[in-house]
Amino acid sequence: IMNRYENEIHQKNVKLKQLNKNLQKEIDIKTQELFDSYLTDPLTKLANREKLIIDAQNRKYIGLLNIDSFKEINDFYGVEIGDKVLKKVATILRERVGIVYKLSGDEFAILDGDKFNLKRKIESIISFMDRAKIIIDNNEIQISFSSGIGPTLSKADMALKYAKKTRHKNVIMFSENLPIVKEYENNLKWKNII
């Protein structure tokens, strides 16, 4: 009887160890999936802003690309078509550049260690998109970009905002001499005064 009980206990312990091993594997897989989802845009499956911030520590320049008049695309064709446009643009950018990041709304980012190389890449993308015809659900949609380059995300964003504000179709590289820099400084000064 004792041998039988010992044998049963041993078999149950083996099963329990196997269950624990399987459970740990499942926990590891789910943890990795959760971590990956934290660093991935759910719509385009591109790396997201969090991943950009991590990766930007190893690169010197950030290039931002923002789809011009994307709100109008969403309003005219609907959000579903807008989402398909974002997916299509993500695919095109990935094919042309490699690693691309999807930020909020209709904004994408590219990293490079050389600002002039980054500018050439972005100009190539802009030129390609000017000639490309994107067809989604029998709708031909023309896509154009505004773009800014800077040594940090905030400076690239200032250059992008200046490009959009002035409707400048070329890539704007951040400079302390951009009028928008003085405008930001002035706004912060008055905010502090108020």
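As a basis for the values below, the full set of heavy atoms in this structure was taken, side chains included, without hydrogen atoms, waters or symmetry mates. Keep in mind that this is a model prediction, so the values were computed, not measured.
- Between Ser147 atom OG and Phe108 atom CZ the span is 12.5 Å, to the nearest 0.5 Å.
- Using a 4.5 Å cut-off between side-chain heavy atoms of Ile, Leu, Val, Met, Phe, Trp and Tyr, Leu64 falls into a hydrophobic cluster with Leu52, Ile62, Ile99, Tyr101, Leu103, Leu111, Leu153, Leu160.
- Salt bridge status for Lys87 with Asp83: absent, with no side-chain N to carboxylate O gap under 4.0 Å.
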Practice prompt. Kindly determine whether Asn74 and Ile81 satisfy side chain to side chain contact (heavy atoms under 4.5 Å, CB included), including the steps that lead there.
Written response: CA-CA 7 Å; Asn74 264 344; Ile81 298 287; over 6 Å; no
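- Ile110 and Val97 get closest at one heavy-atom pair: CG2-CG1, 3.6 Å.
- Looking at heavy atoms from C-beta onward, Asp68 lies out of side-chain contact with Asp106 at the 4.5 angstrom threshold.
- Evaluation of the salt bridge (Lys or Arg N to Asp or Glu O under 4.0 Å) test over residues 10-22, restricted to residues two or more places apart or in two chains, returns none.
- The other members of the hydrophobic cluster of Ile27, by chain and number, are Leu23 (side-chain heavy atoms under 4.5 Å, ILVMFWY only).
- Here the closest non-hydrogen pair linking Met129 and Ile92 is SD-CG2, 3.9 Å.
- For Lys155, the salt bridge (charged side-chain N to carboxylate O under 4.0 Å, His left out) criterion is met by Glu176, not counting sequence neighbours.
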Discussion item. Using the rule given for side chain to side chain contact (heavy atoms under 4.5 Å, CB included), can you reason through Ile149 versus Ile172, listing the C-alpha separation, both sets of side-chain angles and the distance that settles it, and then say yes or no?
Written reply: CA-CA 6 Å; Ile149 294 175; Ile172 299 292; over 6 Å; no
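- In this structure, the separation between OG on Ser69 and NZ on Lys164 is 7.0 Å, given to the nearest 0.5 Å.
- The hydrophobic cluster analysis finds Val79 isolated: no Ile, Leu, Val, Met, Phe, Trp or Tyr side chain comes under 4.5 Å of it, directly or through other members.
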Worksheet item: Given the rule in the side chain to side chain contact (heavy atoms under 4.5 Å, CB included) test, do Val85 and Phe70 qualify, once you have shown the distances and angles that lead to the verdict?
Response: CA-CA 9 Å; Val85 167; Phe70 185 72; 4.1 Å; yes
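- With contacts defined as side-chain heavy-atom distances shorter than 4.5 Å, the pair Arg96/Ser124 qualifies.
- Residue Asn66 holds its CG atom at 5.0 Å from CD of Glu107, rounded to the nearest 0.5 Å.
- Between Gly150 and Ala156 the shortest heavy-atom distance is N-CB, 3.5 Å.
- Taking Glu33 as the reference, Ile29, Lys30 meet the side-chain contact (heavy atoms from CB on, under 4.5 Å) condition, with sequence neighbours excluded.
- What you find for Ala90 and Leu46 is that their closest heavy atoms are CB-CD1, 3.5 Å.
- Residues satisfying the salt bridge (charged side-chain N to carboxylate O under 4.0 Å, His left out) criterion with Asp130, sequence neighbours excluded, are absent altogether.
- Atom CD of Glu80 sits in a sparse spot, with 12 or fewer heavy atoms from other residues, nucleotides or ligands closer than 6.0 Å.
- The salt bridge (charged side-chain N to carboxylate O under 4.0 Å, His left out) test applied to Asp137 returns Lys84, not counting sequence neighbours.
- Atom CG in Asn48 sits 8.5 Å away from atom CD1 in Ile54 (nearest 0.5 Å).
- For Asp41, there are no salt bridge (charged side-chain N to carboxylate O under 4.0 Å, His left out) partners, not counting sequence neighbours.
- Atoms CZ and OG, on Arg49 and Ser104 in that order, are 7.0 Å from each other to the nearest 0.5 Å.
- Judged by distance alone, the side chain of Glu50 and the main-chain N or O of Thr40 form no donor-acceptor pair under 3.5 Å.
- By the side-chain contact (heavy atoms from CB on, under 4.5 Å) test, Gln32 pairs with Phe35, Asp36, sequence neighbours left out.
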Considering only distance and modelled atom types, tabulate donor-acceptor pairs under 3.5 Å from the side chains of residues 112-120, sequence neighbours left out.
residue : atom : partner : partner atom : Å
Asp112  : OD1  : Asp114  : N            : 2.9
Asp112  : OD2  : Asn117  : ND2          : 2.8
Asp112  : OD2  : Lys121  : NZ           : 2.8
Asp114  : OD1  : Phe116  : N            : 2.9
Asp114  : OD1  : Asn117  : N            : 2.6

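- Rounding to the nearest 0.5 Å gives a distance of 6.0 Å between CD1 of Ile134 and CD1 of Ile136.
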Worksheet entry | Test log, rule side chain to side chain donor-acceptor pair (under 3.5 Å), inputs Asn22 and Glu26 | CA-CA 6 Å; Asn22 291 343; Glu26 192 67 29; over 6 Å; no
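- With sequence neighbours excluded, the residues that form a side-chain contact (heavy atoms from CB on, under 4.5 Å) with Arg131 are Ser127, Phe128.
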